[in-house]
Amino acid sequence: MSREVIAILDFGSQYGQLIARRVREHNVYSTILPADITAEQLRDMGVKGLILSGGPASVYDKKAPKCDEKIFELGVPILGICYGMQLGCQILGVEIIPAEKREYGRTNLSILEKNDLFANLPDSITAWASHGDQVGQLSKDFVKLASTDTCQFAAVRHDRKKFFGVQFHPEVSHTPKGSLILENFLYGICGCSGDWKMSDFVNETIKAVQKQVGDATVVCGLSGGVDSSVVASLLHKAIGEQLECIFVDNGLLRKNERESVIATFKDHFHINLRVVDWSEKFLKALEGVTDPQKKRIIIGAEFIEAFKSEAAKIANVKFLAQGTLYPDVIESGSKDGNPAANIKLHHNVGGLPAELGFELVEPLRDLFKDEVRVVGEYLGLPENMVWRHPFPGPGLAVRIIGEITPERLEVLRAADEILIDEITSAGLYRQISQALAVLVPVSTVGVMGDERSYENVIAIRAVETKDFMTADFSHIPYEVLGIISNRIINEVRGVNRVVYDISSKPPATIEWE
């Protein structure tokens, strides 16, 4: 693929993925690589530039992560961020020392030279810092570009090596002009054209899939979620009738979920879709089970059996398609990519490739979640599917506290439908990252008509987040919460109380089980 690449060397930064996303927002392809990748490997990749990420270590510690010093001989621009700046300066002959005053949080950055990295910026900007070390004294090869009250050398440039360093984080939203700084690096310094588009990605991926698959059949586990839906649509565009999708009805789905998937993929897109109704077996296996982990194990095992039973009926199957995303690949720590599937296998299809001898097809493995949604829109998937909130693999089983019964499932389905209807009607669905209803089978006293009632509690959970690693509860207007509560209590038999979960993540998780 002939595309421009900015490589991000990862030194353990909590913002590594954020740097990659920010680069891609400027229509330049980025990839996160291990810090110890060799200069030769980077040369073979034909990178346009490098970014050295931040990290928690001190560069002068014996076990601090290092990079191949020959990267500074590649002749491509390098931007060091925080730890990356300190490491680059150290390699190029500058001493790094503990700061007299550590710098955490917002700070005022005074810009001394407004060429290259700080072109078109004002004399001072707000920046987000997080460091306890800093440059001691610059050598004659360096130029000071910016400073703060507590950090004399907050940004520097090497005169000969095309190295730039910033002691703050331009990638975070707390540095409002950070996007412009990155744009200056990408366009003005690296000379990127910014022509990486999702349409190019789709066309490149289609060709790659066709080459990998040949005339074999590919089976895809379709759940109706964003990732599997985009994978199915993309593969159908690439190989047409060679794709066989399997949808397993586990009896733990939202209301009308099965019908919606059939209408979209079988009736509208005319994709080969096999529906396996395994709901009775799932519910039978879950009888009397209250432990959340046991629920997940049982559901995973039953899914494998359901999937295997249907896949065995399909001829010439050699490949299994999965919605592995780039964060999964990064988290796996894999350099060659093969073990990256382990994370997704855990969440989606257990040990199916190993049990069935399938090879993996992972067309989304270079994308972040928001980019997957863009691909979905480009492929023409319905908006409500592309922007659907995450839904757990075990389905409603982990949204019912305690035992799973058909009666409890019906109560939760009805409450969940009302919740989604009302936040959609209020124009809040896209603002909220994930909304869900939880059935808490604890009887509380209420008054229904002239009589006392002892019925279940429904907890409403709605959060806003960028990465699902941390989350804040959504500030849904009281009047909307009131409508949701009134409708659930009036329309759903077995519920007499609705509560709203206002905990953040951490310490709470988004799901209840």
Side-chain angles (χ1 to χ4, degrees), residues 14-18 21 223-228 250 252-254 257 286 289-301 303 323-328 330-332 342-350 368-370 372-373 387-404 408-409 411-413 415-416 419-420 423 428-442 456-476 481 484 488 495 497-513:
Q14 61 179 318
Y15 300 130
Q17 291 188 34
L18 187 54
R21 290 167 64 106
S223 69
V226 178
D227 302 338
S228 69
N250 58 13
L252 306 168
L253 306 173
R254 286 176 167 179
E257 183 107 30
L286 288 167
V289 178
T290 59
D291 180 79
Q293 279 305 99
K294 287 184 179 178
K295 289 181 188 177
R296 291 177 182 273
I297 292 169
I298 290 169
I299 292 166
F303 178 85
T324 307
L325 303 190
Y326 196 42
D328 304 319
I330 297 166
E331 184 179 344
S332 74
N342 291 342
I343 296 167
K344 275 291 177 182
L345 288 176
H346 171 72
H347 290 308
N348 291 344
V349 292
F368 290 101
K369 188 77 170 188
D370 54 341
V372 173
R373 297 188 194 277
W387 291 97
R388 184 189 182 201
H389 290 178
F391 188 63
L396 298 179
V398 291
R399 294 181 179 176
I400 294 175
I401 309 301
E403 184 181 1
I404 310 302
R408 287 178 174 179
L409 284 165
V411 169
L412 184 55
R413 282 193 186 100
D416 175 83
L419 168 64
I420 300 302
I423 63 172
L428 298 173
Y429 189 84
R430 290 277 292 270
Q431 175 185 319
I432 296 169
S433 304
Q434 186 171 353
L436 57 123
V438 179
L439 176 62
V440 185
V442 175
N456 296 307
V457 176
I458 288 289
I460 301 300
R461 177 79 158 139
V463 299
E464 293 174 20
T465 176
K466 290 184 177 180
D467 54 15
F468 289 91
M469 300 301 292
T470 62
D472 291 322
F473 72 90
S474 296
H475 291 246
I476 297 176
L481 288 173
I484 294 169
I488 289 175
V495 177
R497 190 179 300 270
V498 175
V499 298
Y500 188 52
D501 182 347
I502 60 169
S503 51
S504 62
K505 177 186 179 180
T509 56
I510 295 174
E511 296 284 350
W512 274 41
E513 284 196 345

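- Residues Tyr500 and Ser474 approach most closely at OH-O, 2.6 Å, considering heavy atoms.
- Contact of the Pro394 side chain with the Phe303 side chain is not registered, since no non-hydrogen atoms from C-beta on lie closer than 4.5 Å.
- Between His389 and Tyr429, the ring planes lie parallel to each other; the angle is under 30°, not in the 30° to 60° tilted range.
- Contact annotation: the side chain of Phe391 never approaches that of Val226 to less than 4.5 Å [non-hydrogen atoms, C-beta and beyond].
- For Ser433 and Thr465, the side-chain atoms include no donor-acceptor pair closer than 3.5 Å.
- In terms of heavy-atom proximity, Gln434 sits nearest to Ile510 at OE1-CG2, 3.6 Å.
- Taking 4.5 Å as the limit, every side-chain heavy atom of Asp472 sits out of range of all side-chain heavy atoms of Glu464.
- How far CD1 of Ile420 is from CG of Leu436: 8.0 Å, rounded to the nearest 0.5 Å.
- Asp227 is listed as a side-chain neighbour of Lys369, based on a closest heavy-atom distance under 4.5 Å.
- Each of Leu409, Leu252, Ile404, Leu412 was evaluated against Arg399; a single residue qualifies, Leu412, per the side-chain contact (heavy atoms from CB on, under 4.5 Å) test.
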Exercise. Might you work through the side chain to side chain contact (heavy atoms under 4.5 Å, CB included) test for Trp512 and Ile401, ending with a clear yes or no?
Key: CA-CA 8 Å; Trp512 274 41; Ile401 309 301; 4.1 Å; yes
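- With Arg408 contributing its side chain and Val440 its backbone, the two residues share no donor-acceptor pair below 3.5 Å.
- Closest approach of Lys294 and Val289 over heavy atoms only: CB-CG1, 3.8 Å.
- Shown here for Ala508 and Arg461, the closest heavy-atom pair between the two residues is CB-NH2, 4.1 Å.
- Within the 4.5 Å cutoff, no side-chain heavy atoms of Leu396 are placed close to those of Leu439.
- From Leu419, atom CG reaches atom CD1 of Ile460 across 4.5 Å, with rounding to the nearest 0.5 Å.
- The CD1 atom of Ile458 sits 12.0 Å away from the CD1 atom of Ile484 when rounded to the nearest 0.5 Å.
- Going from atom CZ of Arg497 over to atom CD1 of Ile488 covers 14.0 Å, rounded to the nearest 0.5 Å.
- A side-chain donor-acceptor contact under 3.5 Å links Thr509 to the backbone of Glu511.
- The CD1 atom of Ile502 sits 9.0 Å away from the NE2 atom of His475 when rounded to the nearest 0.5 Å.
- Taking a cutoff of 4.0 Å between a charged side-chain nitrogen and a carboxylate oxygen, Glu257 and Arg388 qualify as a salt bridge.
- Here the straight-line distance linking atom CD1 of Ile476 with atom CG of Leu428 works out to 6.5 Å at 0.5 Å rounding.
- The shortest side-chain heavy-atom distance between Ile400 and Val411 does not fall under the 4.5 Å cut-off.
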